[in-house]
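The sequence lines fix the lettering, A, B, ..., with proteins before strands; numbering per chain opens at 1.
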4 protein chains.
Amino acid sequence: MTTGTDPERSRGRPRSPESHRAILAATREVLDEVGYVRLTVEGVATRAGVGKSTVYRWWPSKSALVLEAVGSALAAPPRPTGDVRADIRAVLANIVEDLRGPLAVTLLALGSDALHDAPAAAEPVDLLQADRGAVQDMIEDAGRRGDLPADVDADLLLDVCVGTLLYRLLCRRPTEDVVDRLVDLVVEGRIPRTGPETEPT
Amino acid sequence: MTTGTDPERSRGRPRSPESHRAILAATREVLDEVGYVRLTVEGVATRAGVGKSTVYRWWPSKSALVLEAVGSALAAPPRPTGDVRADIRAVLANIVEDLRGPLAVTLLALGSDALHDAPAAAEPVDLLQADRGAVQDMIEDAGRRGDLPADVDADLLLDVCVGTLLYRLLCRRPTEDVVDRLVDLVVEGRIPRTGPETEPT
Amino acid sequence: MTTGTDPERSRGRPRSPESHRAILAATREVLDEVGYVRLTVEGVATRAGVGKSTVYRWWPSKSALVLEAVGSALAAPPRPTGDVRADIRAVLANIVEDLRGPLAVTLLALGSDALHDAPAAAEPVDLLQADRGAVQDMIEDAGRRGDLPADVDADLLLDVCVGTLLYRLLCRRPTEDVVDRLVDLVVEGRIPRTGPETEPT
Amino acid sequence: MTTGTDPERSRGRPRSPESHRAILAATREVLDEVGYVRLTVEGVATRAGVGKSTVYRWWPSKSALVLEAVGSALAAPPRPTGDVRADIRAVLANIVEDLRGPLAVTLLALGSDALHDAPAAAEPVDLLQADRGAVQDMIEDAGRRGDLPADVDADLLLDVCVGTLLYRLLCRRPTEDVVDRLVDLVVEGRIPRTGPETEPT
DNA sequence: GTCTAAACGAGACGGTACGTCTCGTCTTACT
DNA sequence: AGTAAGACGAGACGTACCGTCTCGTTTAGAC
């Protein structure tokens, strides 16, 4: 199947895929090291071995660049198995994984930066939820199957999970066993307790 | 013989309380209007009718200034009544109230900015929880009274509430009836549903 | 084989000659109007229609900028004619001309500023003497020709002339007929007198 | 009529002479160490063990303070002896002595600073010539006695001497034997030569 | 021996300029 | 045509002094 060369797109020298990748990689590294506010486009370009104008040719601003760099590093959404506990667990584990490193912080910076520009507003925070629709379907399926209430509010349920994880990461509180207890809470209504550990049902 | 006035403290011209207040007020206004990243110290100083050096005399940086300005505008913690549902509701209503306006966004910007400085890190996010200790005590009291499990994890329970609200505000999803349903979830284990509205017990 | 273009030098956008010239011109204007101490780099940049960073990209400091601006406005050295009186007269007339306007004052400010930095020290005062070597040669030639003593101290002789003019300008005393009388003094040993005017020999 | 103590003037605490002296001394020290432009009133006050307001109570500005500090350290004018060579020598030696240290540079800074304020303009440069009138009288006396031309231009003659010394000091050229040769030039019309040394007449 | 008013130290104040930094755009020469 | 280099206009950063202004504390002469 030849996706081939779009006659409109392929005039002149084509975009260099190496540069593109190098820029995104450099962005992620710099983000790791100094954070969003101290990241400079010039620094990224230098580290990528690229001219600053090449960055600006493909991304309109620092925030757009960072947004794509962060998005491109997110974990792939898991495939649903039909076991609602396991599926939600997998989604949350993904999020925890994603939010390690600089991503949580960066998302917040992006979000707060964007919230004062009506247009760009929703984008960053939705990154964590590229697969939100799929997850909601999965939850609603569970409702139909009877594993959850039939009219479960998948939207809020998901926000409880994601919000709690994001907030704990932001406050630097531990998140290891929180995933399980969140699942217990939102799937079975089990109020979180301290103590040995949540026992399996 | 009580000297009263501390000889160490009263040398030189005393700090002008009007300037101090005017600066914090101006900071809040500018924050409202243009947001954290577009706020400038010079702009704040001008609006407060104050020299830039007066701002820097008392706050070491833009972020410290904003942090205090935001903190000084938070709602006062409610007094516990003994009814766990009502108490948690009151705390969450306070948070929702605080996060209207620019505070949610600003907290995120501050938080993300700070997370790359080990020392200043925890401050901003803890602002929302100046009264966290009191609320935890309140929850644990409820555990002792039997309104909640005796070994309830007050820490996580609180994070579920705060995190969810913060996240929904950040994503611009509605928060009006979420407070009630969160209380239902964390106090009674009621899984959130769509539908007419949560009926009273 | 002449490569011509130095591969090291010609990377990136070349320096804009208009900006460079505009900055020097603006510096001279501002100097004229408000003097050295009240000259502001930002003011110069604004008048030149240039960003402040462009000024600082090419001159490390206000004093370096002013030094070059002043230097670039000095009169070109006159061509020696062989008549020692006429030649010295021409040199001194040049100096008087240069020191009109803000240059005398500026040189002093620069000089006094610089004298506390060992490295930059000599520069400003030497500005007046970019052509000092040539003038000394001229004087020594006159010595060899017999128009002046054979072992004339050209150095001191020149300092007498320049120093006297600079000092009188600084004290705001008139300098119109001083040039002639200085020449009388240093070429013919005629002690300066008040009175109608120096008669021609 | 008892002038005695003016009832208007002598209420309250009298001016502290120690502070006054300490401020002038500190000014001279700081001037020596860092020069005029880098001298700060606050630094002077601190070194003098004095509040900044005490400085500003008695001197209207940094330049006025420095002017007085510099003036108060000048050498006392010599007494005329009747020997014109010796008298001029003594005056010039005084000037050379005064201009060692930071004074030459400071005078220039003050002068250049002042030249853009019409009122304060002439003061600094005239410092060197507090005794100018006396010296002019002395030169004119020599004219009347026949040691110099009867209509000698004392004004210009003095400027030649002072200007030359000031300029050489500013350029950091040696001044040791220049005094003698200047006297030779302006008293006897002897054009300066290099060589063994000026022989006595 | 008070009384009292000016001078004092300390240092906060409103300003202003500094020199540095980053943004996002523009302009070259090279490939 | 796309790129690396890097100059450009703009404007905020945080620092340093300026000269003014309050404070509370001496301190010496007037009463």
ask   = Does C:Lys62 count as lying over the ring of C:Tyr56, i.e. NZ or CZ under 6.0 Å from the six-ring centre, within 45 degrees of the axis?
value = no

Any side-chain N or O of [X] below 4.0 angstrom from OP1/OP2 of [N]?
X	N	value
D:Ser16	E:dA6	no
D:Arg57	E:dC8	yes
C:Trp58	F:dC8	yes

query = In terms of side-chain heavy atoms of A:Ser61, which of F:dC23, F:dG14, E:dG24 is nearest?
reply = E:dG24

inquiry  = So if I take every side-chain heavy atom of C:Tyr56 and compare against F:dC18, E:dC18, E:dT25, which nucleotide ends up nearest?
reply    = E:dC18

To the nearest angstrom, how far is [X] atom [atom1] from [N] atom [atom2]?
X	N	atom1	atom2	result
C:Ile23	F:dA7	CD1	P	13 Å
C:Lys62	E:dG19	NZ	P	8 Å
C:Leu65	E:dG19	CG	P	10 Å
C:His20	F:dG6	NE2	P	19 Å
C:Tyr36	E:dC18	OH	C1'	12 Å
C:Glu18	E:dC26	CD	C1'	13 Å
D:Leu39	F:dA16	CG	P	17 Å

message = Tell me the closest heavy-atom pair linking D:Thr27 and D:Leu39, and the distance in Å.
response = O-CD1, 3.9 Å

query = Which atoms form the tightest heavy-atom contact between A:Ala45 and A:Val55, and what is the distance?
reply = CB-CG2, 4.1 Å

Pairwise distance OG1(D:Thr54) to CZ(D:Arg15) - rounded to 0.5 angstrom = 10.0 Å

note = Rounding to 0.5 Å, atoms OG (C:Ser19) and CZ (C:Arg57) come to a distance of 9.5 Å

inquiry  = Quick check on contacts: within residues 41-54 of chain D, what sits under 4.0 Å from DNA chain F by heavy-atom distance?
reply    = D:Val41, D:Glu42, D:Lys52, D:Ser53

key: Main-chain N/O of A:Val70 paired with A:Arg28 side-chain donor or acceptor, under 3.5 Å   = no

request  = Verify, without hydrogens or angle tests, whether B:Lys52 (side chain) and B:Gly43 (backbone) share a donor-acceptor contact under 3.5 angstrom.
outcome  = no

task = Describe, as an angle rounded to 10 degrees, how the axis at the first end of the helix from E:dG1-F:dC31 to E:dT31-F:dA1 is tilted relative to the axis at the last end, five pairs per end.
result = 10°

ask   = Start at the 5' end of DNA chain E and walk down; is the nucleotide closest to A:Pro60 or to D:Pro14 reached first?
value = D:Pro14

ask   = Does the side chain of C:Asp32 come within less than 4.5 Å of C:Glu29's, by heavy atoms?
value = no

ask   = Distance only, no hydrogens: is a donor on one side chain within 3.5 Å (strictly under) of an acceptor on the other, for C:Thr40 and C:Glu42?
value = no

task = Please confirm whether any donor atom in the side chain of C:Arg13 sits under 3.5 Å from an acceptor in the base of F:dA7, or the reverse.
result = yes

